[in-house]
2 protein chains.
Amino acid sequence: MTRKDFPSLRLSDIAAAAGVGESTVSRVLRNSGSVSEETRARVRQVVAALGYVPNRIAGTLAAAGSRVVGIVVPSLTNIVFPDLLRGAAGQLDLMGYQAVIGVSDYDGAREAELVASMLAWRPAAVMITGLEHERATPDRLRSSGARVVEMLDVDGEGLDIVVGYSNRAAAEASARHLIGRGYRRIGYVGHEISRDTRAGKRLAGFEAELARHGLALVARELHAGPSSIGAGRDGLERLLARAPALDAVYFSNDDMAIGGYFHCVARGIAIPERLALFGFNGLDVARLAPQPLATILTPRVEIGREAARLALADEPAATVDLGFILIEGATA
Amino acid sequence: MTRKDFPSLRLSDIAAAAGVGESTVSRVLRNSGSVSEETRARVRQVVAALGYVPNRIAGTLAAAGSRVVGIVVPSLTNIVFPDLLRGAAGQLDLMGYQAVIGVSDYDGAREAELVASMLAWRPAAVMITGLEHERATPDRLRSSGARVVEMLDVDGEGLDIVVGYSNRAAAEASARHLIGRGYRRIGYVGHEISRDTRAGKRLAGFEAELARHGLALVARELHAGPSSIGAGRDGLERLLARAPALDAVYFSNDDMAIGGYFHCVARGIAIPERLALFGFNGLDVARLAPQPLATILTPRVEIGREAARLALADEPAATVDLGFILIEGATA
DNA sequence: GTGAAAGCGCTAACAA
DNA sequence: TTGTTAGCGCTTTCAC
């Protein structure tokens, strides 16, 4: 028995079995138009008995308007993106839409390819992250007619709908917090900011705020790869080897910061007396650590949810800043 | 300008612009059939110039065979599932397929609904987790003609393809490890095992192994909700309040175990001298903690990848056990 | 090597 | 309230 031997039921089969016309079955299935309670019940009964599943491919083609939304995220390794996906998928589901996902690995060219292949499904909307894209991406998106939502960043120009927070403002708040606590010899441990443009914006915002206070980063350590606990751990070790006199370190995100925290605990470096740590994202693991990490909590699930809602809301283009919350924690 | 004003280009537009027939354009686009190098180039040129994106909805309907694979996961909160998704999406992408995802929240009825709505897209395959499903799920799946892959568990009967590891064996190995280290007063901290059947199987396997050594769990604490660091932290606190004499605790997974670890660090409970901890999954955060957690490393990304490969491989039904690795760590 | 035409399984007028 | 029918935009014979 090959796989091809499954000629699934068609609308006409149901119509025949129920003794009605195809359009009647279609009406029953979509709860539209008027159908007598009697036939409605009969059709439903046949559908259930035969286990008929309508072919949405055909339905979509005929109705010109798919119930699909494409979502491209740069990574699934950092829990931030699954959170975003969770918010989006939940909301989409509520509205009767389905999510098609793609992972770009923080590669603009991959993102462009993924967007192109999603557009082939004529999605109602495409959700992507950030405001920086390869040239081809906005072009394709614009001419597709699909709604576009850019998530997680509001520092710049959006294509259509933008839902996120200001990375710059978050970083500035972080810098002010550290300065306010009296730290002056501040270092940075981060990952590839050329690919993760939001992390890049945070670094820029952080440095700008330091500069406003007559300060500058004493040292920085950049990991050539995506953020991870291991990269943060190793990064802090290297940074301290080069600049032992630091009194605080700003990390590109919580994954990196937790790595740094683990390094300090393992080496017996007193936090925050000897060294203060500051992260970004407000992950569970950071907030529930024995010493809660000083960090910025971002409303990721809400951003996904709101982004999905707006994508299907038929409202004008807009930028929604969902803000962030500074968590003082105990590491700074 | 309304959204409807985007009558995207059709194959016939390209055909007209290139001065060829529709079928010729179709052949060029799919690299099938024979087309002269000259016309091929011309068509390509027109396609690029006009920015034409073929409508896969129509293509799929005509060709009877979609390049879509449905994936239903119980959660996105636990990094285990994004890992699985990452492996699967990467492999699918390589083979020219797209992933449609659904999140069931560990609810069998939701899973059944999600499977039904994915089947409406006539996916080439459906990937789900675990071997336990609502009655309707296998029925629908079987009559759909789609390949089915069940992931993360090999302890039981599969519907078609199964890729995972033995939760029972992993738990038995964990028990043996603890017993071999001399621990005898062992407790358990877990989450809702009725919904997370794999966690349930691990608990059963763990207890069975203890029994074989004439032991039994001294106490257990079950959190009425999904696993999380917070649940593990609180769970261990409650467990120790009730059974202070424990010398080791087995957790339902690493999220829970990390929570327990944080509790011990915060309370100054010496690990493993005063209390040993054992987890499951081998998450980064567990392996890179100052005291690496004793746990079981599961090949999640590989499972996703292999599952996707087999789903599209046109090979007979099979069960693939990708095994696990016991990590001794420093907490037991 | 290329084109014409018949579907793929639905939806949405339009009739009845 | 219900049935008939013409597409939706492709792919795929089948001629040429």
Side-chain angles (χ1 to χ4, degrees), chain A residues 4 6-44 46-47 50 52-68 96 117 119-124 144-145, chain B residues 4 6-44 46-47 50 52-68 96 117 119-124 144-145:
Chain A
K4 300 284 177 187
F6 279 93
S8 51
L9 291 167
R10 292 172 309 159
L11 194 63
S12 59
D13 296 323
I14 306 302
V20 299
E22 297 190 20
S23 48
T24 299
V25 177
S26 178
R27 286 185 194 104
V28 172
L29 258 22
R30 286 172 304 109
N31 290 312
S32 81
S34 49
V35 181
S36 75
E37 210 37 72
E38 194 187 327
T39 30
R40 189 180 296 277
R42 184 148 37 95
V43 169
R44 287 241 171 83
V46 173
V47 166
L50 271 51
Y52 169 65
V53 178
N55 184 333
R56 280 223 201 186
I57 307 271
T60 300
L61 182 59
S66 91
R67 306 284 270 180
V68 161
S117 59
L119 288 178
W121 289 97
R122 299 295 186 268
S144 75
Chain B
K4 300 282 177 191
F6 280 93
S8 49
L9 291 168
R10 294 172 306 161
L11 194 64
S12 58
D13 297 322
I14 305 302
V20 298
E22 297 190 21
S23 45
T24 299
V25 177
S26 177
R27 286 184 192 106
V28 172
L29 258 23
R30 286 172 304 105
N31 289 313
S32 80
S34 48
V35 181
S36 75
E37 209 38 71
E38 193 188 326
T39 32
R40 188 180 297 277
R42 183 149 37 94
V43 169
R44 287 240 173 82
V46 172
V47 166
L50 272 52
Y52 169 65
V53 178
N55 184 332
R56 279 222 203 192
I57 308 268
T60 300
L61 181 59
S66 91
R67 305 286 267 180
V68 160
S117 59
L119 288 178
W121 288 97
R122 300 296 187 266
S144 75

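Computation of the quantities below employed the complete heavy-atom set of this structure, encompassing side-chain atoms and omitting hydrogens, waters and symmetry-equivalent molecules. In what follows, chains are A, B, ... by sequence order, proteins preceding strands, each numbered from 1.
Atom CG of A:Asn31 is separated from atom C1' of C:dT11 by 15 Å (rounded to the nearest Å). Distance, B:Arg67 CZ to D:dT11 P: 12 Å, rounded to whole Å. Look at CD on B:Glu37: it is 12 Å from C1' on C:dG1, rounded to the nearest Å. Going from atom CG of B:Leu29 over to atom P of D:dT11 covers 7 Å, rounded to whole Å. Rounded to an integer number of Å, the gap from A:Ile57 CD1 to C:dG7 P is 21 Å. To the nearest angstrom, P of D:dG9 lies 9 Å from CZ of A:Arg122. Look at CH2 on B:Trp121: it is 12 Å from C1' on C:dC10, rounded to the nearest Å.
Side-chain nitrogen and oxygen atoms of B:Thr39 include at least one within less than 4.0 Å of the OP1 or OP2 phosphate oxygen of C:dT2. The side chain of A:Ser36 places no N or O atom within less than 4.0 Å of a non-bridging phosphate oxygen (OP1 or OP2) of D:dT1. The shortest distance between the side-chain N/O atoms of A:Arg40 and the OP1/OP2 oxygens of D:dT1 is not below 4.0 Å.
Between the two ends of the helix from C:dG1-D:dC16 to C:dA16-D:dT1, each summarised by a five-pair axis, the helix axis turns through 30° (rounded to 10 degrees).
In this view, A:Ser12 satisfies the side-chain hydrogen bond (donor to acceptor under 3.5 Å, both in side chains) rule with no residue, not counting sequence neighbours. Contacts of A:Val47 classified as side chain to side chain contact (heavy atoms under 4.5 Å, CB included), with partners at least two apart in sequence or in another chain: A:Ile14, A:Leu29, A:Val43, A:Tyr52. Remark: B:Ser26 engages B:Leu11, B:Arg30 in a side chain to side chain contact (heavy atoms under 4.5 Å, CB included) (not counting sequence neighbours). Under the rule for a side-chain hydrogen bond (donor to acceptor under 3.5 Å, both in side chains), A:Arg27 has no partner lying at least two apart in sequence or in another chain. Remark: B:Ser66 engages no residue in a side-chain hydrogen bond (donor to acceptor under 3.5 Å, both in side chains) (not counting sequence neighbours). A search for side chain to side chain contact (heavy atoms under 4.5 Å, CB included) contacts involving B:Ala62 returns nothing, not counting sequence neighbours. Taking B:Arg40 as the reference, B:Val28, B:Asn31, B:Val35, B:Glu37, B:Arg44 meet the side chain to side chain contact (heavy atoms under 4.5 Å, CB included) condition, with sequence neighbours excluded.
Rounding to the nearest 0.5 Å gives a distance of 9.0 Å between OG1 of B:Thr60 and CH2 of B:Trp121.
Minimum atom distance to the side chain of B:Tyr52 is reached by D:dC10, of the listed D:dT2, D:dC10, C:dC10. Listed nucleotides: C:dT11, C:dG9, D:dC10. Nearest to the side chain of A:Asn55: C:dG9. Minimum atom distance to the side chain of B:Ala58 is reached by D:dC10, of the listed C:dT2, D:dC10, C:dT11. Considering only side-chain atoms of B:Ala63, the nucleotide from D:dT12, C:dG9, D:dT1 that sits closest is D:dT12. Of the listed nucleotides (D:dC10, C:dT2, D:dT2), D:dC10 has the atom at the smallest distance from the side chain of B:Leu11.
Here the side chain of B:Arg56 pairs no donor or acceptor atom with the backbone of A:Ala120 at under 3.5 angstrom.
At the heavy-atom level, B:Arg56 lies nowhere under 4.0 Å from the strands shown. Across all strands shown, B:Ser34 has heavy atoms under 4.0 Å from base atoms, whether or not it also approaches the sugar-phosphate.
Closest heavy-atom contact between B:Val25 and B:Ala15: CG2-CA, 3.6 Å.
Along DNA chain C, the nucleotide closest to A:Arg30 and the one closest to A:Arg10 are compared, and the more 5′ of them pairs with A:Arg10.
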Interface polar pairs with nucleotides 4-6 of chain C, N/O, under 3.5 angstrom:
| from | atom 1 | to | atom 2 | distance (Å) |
| --- | --- | --- | --- | --- |
| C:dA4 | N6 | B:Ser23 | OG | 3.1 |

